[in-house]
Peer 1: 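Pasting in a structure now, in structure tokens, and then I'll have a few things to ask.
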2 protein chains.
Amino acid sequence: MRDPEVNDLETSVRNVPAGGKRELRLWLRLLSTANLVSGQIRRNLRAHFDVTLPRFDLMAQLYREPNGLRLSELSRRMMVSNGNVTGLVERLVQEGLVLRETDPDDRRAFVVRLSKEGNARFTRFAEENERFIVTLFQSLDRATMDALMDNLEKLKTSARRNATD
Amino acid sequence: MRDPEVNDLETSVRNVPAGGKRELRLWLRLLSTANLVSGQIRRNLRAHFDVTLPRFDLMAQLYREPNGLRLSELSRRMMVSNGNVTGLVERLVQEGLVLRETDPDDRRAFVVRLSKEGNARFTRFAEENERFIVTLFQSLDRATMDALMDNLEKLKTSARRNATD
DNA sequence: CTTATATCTTTTAATTGTAAAACAATTGAG
DNA sequence: CTCAATTGTTTTACAATTAAAAGATATAAG
């Protein structure tokens, strides 16, 4: 009987997949999956509620922080640049969905939170959005979802640990 | 001893996680993982080669099609809008990395492919990029990567099957 | 042939996004 | 206190992105 280790070694040399290494293919699959789903969610939110995905995401962050967040904390959580958040908040304030107030403790900072109207609107957005996502994912069994949760977390940990910056 | 099924049922009712249903949390994790990694890759490509991620992605598509692709096929594969590809190709043609030629079979269409220079440059980009991604993912074992590949494919299949459009 | 419909691409207008520099206020070291 | 470094935000310039409409060509049905 052959040593499975040898087999593994051979496989790793011989079985070079089209499209490059395992890691590269995994990255491409992760990206295309996220793109596919985010496109579907974006179009659904726009069609049903005339709201864009970035605005929805921003409101989602504020929804779970009734006392509000600083712009810097918001941009950190959304993983986008500060300047981007400045503009998004500006438009949401214009629409009356978000309030932007100076932080009493630090005159450099602003604290933003959902307005009453913003809170009410987001509640409706979120309900439909969750229903939509459950529908999209309905062919997955629980074990698959749990495995994805765990393994995506491992991927994040690896990417953070091995970052060059 | 208690029946585990009962326990599962109770869990599914009682243990409502912060941030909503399982599906929603999975989507948020997928999104944040893809954002984290794509940000790292984007900054790395920019720092080392002064190339943006969308341009790199476009060149990657053309790299494996030496005979070129129509703009519509390119936008389908990249999962972005037609107008977006028009602009990206325009800039890459300007830089001399991509060629844009009329399709002899269809006067509406254009076929784009990498120029000699584009091909040479992309080869260098890709080599460094793959090295970088392997580094980012180096703390993942093979089983985790394989499971992610399979389960992300299942997720895509579910999302496509259950799309409303 | 004509006309309707479909396909391929661009244009338009707006939003979203980044990076880098500028600005303003805070903090910490001496 | 003073000044250097840090932090929070905005501004600037530009790239990437979408949706929707428009333009151009192709195809198919009469």
Side-chain angles (χ1 to χ4, degrees), chain A residues 31 34-36 38-59 68-95 97-98 100-112 165, chain B residues 31 34-36 38-59 68-95 97-98 100-112 165:
Chain A
L31 183 62
N35 279 172
L36 174 69
S38 81
Q40 291 170 318
I41 293 175
R42 175 171 39 75
R43 283 185 290 274
N44 187 252
L45 283 173
R46 186 171 258 275
H48 283 58
F49 296 110
D50 195 36
V51 69
T52 65
L53 186 51
R55 291 177 198 201
F56 177 85
D57 287 343
L58 193 152
M59 292 176 79
L69 287 174
R70 287 193 178 174
L71 290 179
S72 49
E73 177 62 14
L74 194 49
S75 82
R76 200 189 59 74
R77 294 195 190 184
M78 294 179 70
M79 304 210 292
V80 300
S81 65
N82 280 346
N84 190 2
V85 168
T86 296
L88 278 170
V89 165
E90 199 172 294
R91 283 165 225 131
L92 287 167
V93 168
Q94 205 69 27
E95 295 182 58
L97 301 176
V98 163
R100 179 177 172 285
E101 296 156 339
T102 56
D103 184 335
D105 299 340
D106 187 336
R107 283 189 297 168
R108 292 168 303 180
F110 292 95
V111 174
V112 291
D165 53 38
Chain B
L31 183 63
N35 278 172
L36 174 67
S38 80
Q40 291 171 318
I41 292 176
R42 177 172 39 74
R43 284 185 290 274
N44 187 252
L45 283 173
R46 187 172 257 277
H48 284 59
F49 296 111
D50 194 37
V51 69
T52 65
L53 186 50
R55 292 178 199 200
F56 177 85
D57 286 343
L58 193 152
M59 292 176 78
L69 287 173
R70 287 192 178 177
L71 290 178
S72 49
E73 177 61 15
L74 195 48
S75 83
R76 200 188 59 73
R77 295 195 190 184
M78 294 179 70
M79 303 210 292
V80 299
S81 66
N82 280 345
N84 190 0
V85 169
T86 295
L88 279 171
V89 166
E90 199 173 295
R91 284 167 224 128
L92 286 167
V93 168
Q94 205 68 28
E95 295 183 58
L97 300 176
V98 163
R100 179 178 172 283
E101 295 156 339
T102 57
D103 184 335
D105 299 341
D106 187 339
R107 282 189 299 168
R108 293 168 302 180
F110 292 95
V111 174
V112 290
D165 52 34

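Below, chain A is the first sequence line, B the second, and so on; all start at residue 1.
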Peer 1: At under 4.0 Å between heavy atoms, what does T86(A) touch on the DNA or RNA strands: base, sugar-phosphate, or nothing?
Peer 2: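 Base: the residue T86(A), judged by heavy atoms under 4.0 Å, touches a nucleobase.
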
Peer 1: Quick one: list whatever passes side-chain hydrogen bond (donor to acceptor under 3.5 Å, both in side chains) with R91(A), sequence neighbours left out.
Peer 2: none

Peer 1: Compare side-chain N and O positions of R91(A) against OP1 and OP2 of dT16(C) and report whether any pair is under 4.0 Å apart.
Peer 2: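 Answer yes for this pair, as a side-chain N or O of R91(A) is under 4.0 Å from OP1 or OP2.
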
Peer 1: Rounded to the nearest angstrom, tell me the gap between atom CG in L69(B) and atom C1' in dT9(C).
Peer 2: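 So the two atoms are 15 Å apart, to the nearest Å.
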
Peer 1: Quick one: list whatever passes salt bridge (Lys or Arg N to Asp or Glu O under 4.0 Å) with R46(A), sequence neighbours left out.
Peer 2: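 Result, salt bridge (Lys or Arg N to Asp or Glu O under 4.0 Å) vs R46(A): none returned.
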
Peer 1: With a cut-off of less than 4.0 Å, is there a side-chain N or O of R107(A) near OP1 or OP2 of dT26(C)?
Peer 2: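 For dT26(C), OP1/OP2 do have a side-chain N/O of R107(A) under 4.0 Å.
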
Peer 1: Can you name the closest pair of heavy atoms from V98(A) and V89(A) and give their distance?
Peer 2: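 It is CG1-CG1, 4.4 Å.
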
Peer 1: Scan nucleotides 18-20 of chain C against the protein and return all N/O pairs shorter than 3.5 Å with their distances rounded to 0.1 Å.
Peer 2:
from	atom 1	to	atom 2	distance (Å)
dT18(C)	OP2	S81(A)	N	2.6
dT18(C)	OP2	S81(A)	OG	3.0
dT18(C)	O3'	R42(B)	NH1	3.0
dA19(C)	OP1	R42(B)	NH1	2.9

Peer 1: Looking for any heavy atom pair under 4.0 Å, which part of the strands does L53(A) touch: base, sugar-phosphate only, or nothing?
Peer 2: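 No contact at all - L53(A) keeps every heavy atom at 4.0 Å or more from the nucleic acid.
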
Peer 1: Suppose we screen for side-chain hydrogen bond (donor to acceptor under 3.5 Å, both in side chains). Which residues come up paired with R42(A), at least two apart in sequence or across chains?
Peer 2: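 Scan of R42(A) (side-chain hydrogen bond (donor to acceptor under 3.5 Å, both in side chains), adjacent residues dropped) gives none.
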
Peer 1: Could you tell me which residues satisfy ring pair (Phe, Tyr, Trp, His ring centres under 6.0 Å) with F56(B), sequence neighbours excluded, listed by chain and number?
Peer 2: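 Expected list: F122(B).
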
Peer 1: Distance-only check: which donor-acceptor pairs under 3.5 Å involve side-chain atoms of residues 74-83 of chain B, not counting sequence neighbours?
Peer 2:
from	atom 1	to	atom 2	distance (Å)
S75(B)	OG	S72(B)	O	3.1
S75(B)	OG	N82(B)	OD1	2.7
R76(B)	NE	E73(B)	OE1	3.3
R76(B)	NH2	E73(B)	OE2	2.9
R77(B)	NE	E73(B)	OE2	2.7
R77(B)	NH1	E65(B)	OE2	3.0
R77(B)	NH2	E73(B)	OE2	3.3
S81(B)	OG	N84(B)	N	3.3

Peer 1: Take the protein atom CG of D105(A) and the nucleotide atom P of dA25(C), then report the distance between them rounded to whole Å.
Peer 2: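 For the pair D105(A) CG and dA25(C) P, the rounded distance is 16 Å.
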
Peer 1: In whole angstrom, what separates F56(A)'s CZ from dT15(C)'s C1'?
Peer 2: 18 Å

Peer 1: Provide the closest heavy-atom pair for L88(B) versus P54(B) in the form atom of the first, atom of the second, distance.
Peer 2: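 Where L88(B) meets P54(B) most closely, the heavy atoms are CD2-CB, 3.9 Å.
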
Peer 1: Rounded to whole Å, how long is the line connecting atom CZ of R55(B) with atom C1' of dG17(C)?
Peer 2: 14 Å

Peer 1: Nucleotides 1-6 of chain C: which of its N/O atoms have a protein N/O under 3.5 Å away?
Peer 2:
none

Peer 1: Could you list where the contact with chain B starts and ends along DNA chain D, reading 5' to 3', using a 4.0 Å heavy-atom cut-off?
Peer 2: dA15(D) to dA26(D)

Peer 1: Could you measure the distance from the CG atom of L92(A) to the OG1 atom of T52(A)? Nearest 0.5 Å is fine.
Peer 2: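 If I round to the nearest 0.5 Å, the distance is 7.5 Å.
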
Peer 1: Is S72(B) near enough to dT9(C) that one of its side-chain N or O atoms lies under 4.0 angstrom from OP1 or OP2?
Peer 2: yes

Peer 1: Could you state the atom-to-atom distance from CZ of F110(A) to P of dA25(C) in whole Å?
Peer 2: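 After rounding, the gap between these two atoms is 10 Å.
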
Peer 1: Nearest whole angstrom, please: distance from the P of dT16(C) to the CG of N35(A).
Peer 2: 17 Å

Peer 1: Measure the spacing between CG of D103(A) and CG of L71(A) and express it to the nearest 0.5 Å.
Peer 2: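 The CG atom of L71(A) is 10.5 Å from CG of D103(A), to the nearest 0.5 Å.
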
Peer 1: Roughly how far, to the nearest 0.5 Å, is CD1 of I41(A) from CG of L36(A)?
Peer 2: 9.5 Å

Peer 1: If you check the D106(A) side chain, which of dT9(C), dT15(C), dT26(C) turns out closest?
Peer 2: dT26(C)

Peer 1: Just jot down the side-chain hydrogen bond (donor to acceptor under 3.5 Å, both in side chains) partners of E101(A), sequence neighbours excluded, or say none.
Peer 2: R113(A)

Peer 1: Taking only residues two or more places apart in sequence, or in another chain, which ones meet N35(B) in a side-chain hydrogen bond (donor to acceptor under 3.5 Å, both in side chains)?
Peer 2: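 side-chain hydrogen bond (donor to acceptor under 3.5 Å, both in side chains) check on N35(B) returns nothing, list empty.
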
